[in-house]
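Below is one structure, written out as structure tokens; the observations come after it.
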Amino acid sequence: MIEQSNTIGALAGALAAAAPNMRDARKDRANPHLKNRYATLEAVLDAVRDVLAAQGIAVTQGVSAAQGVVTVTTQLSHSSGEWMRSSLTLPVPAGKGISEVQALGSTVTYGRRYGL
């Protein structure tokens, strides 16, 4: 579900102006288990940050964690004060030979990539 400020006309206009300059994020890493390539968080941010900023749009991502799940909330804020946000909740995987903190960090990064 997307939440938004009371009005989003200026934000929507800025997103429309940014859209022609958006490019797919570069798939800069390989996943040997799935034999595919994917875009890292850095590549996704590189693909959108400057294009959005040029239209007065900032991206923020907040994180909360509780009871084995992580929620990443991605917000687009426009210089007009308008905003829109949505949240993505993901389970933190147990085991797999990594510590709980590593699993949490990996899940946060995954959520940030997909939320953006």
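Numbers here simply count residues along the sequence, with the first being 1.
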Once you round to the nearest 0.5 Å, how far does [atom1] of [X] lie from [atom2] of [Y]?
X    : Y    : atom1 : atom2 : value
S87  : E3   : OG    : CD    : 6.5 Å
Q61  : R85  : CD    : CZ    : 13.5 Å
W83  : L76  : CH2   : CG    : 11.0 Å
L11  : S80  : CG    : OG    : 6.5 Å
L104 : E100 : CG    : CD    : 9.0 Å
R49  : L116 : CZ    : CG    : 9.0 Å

Heavy-atom side-chain contact between [X] and [Y] under 4.5 Å:
X   : Y   : answer
T73 : S86 : no
L15 : M84 : yes
Y38 : R29 : yes
M22 : L52 : yes
T74 : V72 : yes

Any idea which heavy atoms bring [X] and [Y] closest together, and the distance?
X    : Y   : value
R113 : A39 : NH1-O, 3.0 Å
P20  : A17 : CD-O, 3.3 Å
G115 : L88 : N-CD2, 4.1 Å

Next item on the list: May I ask you to check whether over 12 heavy atoms, not counting those of D24, lie within 6.0 Å of atom CG?
Entry: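 No, the 6.0 Å shell around CG holds no more than 12 heavy atoms from other groups.
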
Are any side-chain N or O atoms of [X] and backbone N or O atoms of [Y], one a donor and one an acceptor, separated by less than 3.5 Å?
X    : Y    : value
H78  : G9   : no
D28  : T40  : yes
R26  : A43  : no
T107 : A103 : yes

Check: In terms of side-chain heavy atoms, does T60 have a donor or acceptor partner in Q75 at a distance below 3.5 Å?
Finding: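 The criterion, which ignores hydrogens and geometry beyond distance, is not satisfied for Q75 and T60.
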
Margin query: Side chains of T71 and T89 only: does a donor on one sit below 3.5 Å from an acceptor on the other?
Written below: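 Result is yes, a qualifying pair exists.
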
Are [X] and [Y] connected, step by step, through hydrophobic side chains (Ile, Leu, Val, Met, Phe, Trp, Tyr) whose heavy atoms are closer than 4.5 Å?
X    : Y    : result
V101 : V92  : no
V44  : Y110 : no
V51  : L41  : yes
L90  : Y114 : yes

Next item on the list: Could you list who else is in I98's hydrophobic cluster, with ILVMFWY side chains joined at under 4.5 Å, directly or through other members?
Entry: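 The other cluster members (ILVMFWY side chains, heavy atoms under 4.5 Å, direct or chained): none.
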
Notebook entry, point to check: side-chain hydrogen bond (donor to acceptor under 3.5 Å, both in side chains) with T7: which residues, sequence neighbours excluded?
Noted result: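 Checked T7 against side-chain hydrogen bond (donor to acceptor under 3.5 Å, both in side chains); matches are E82.
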
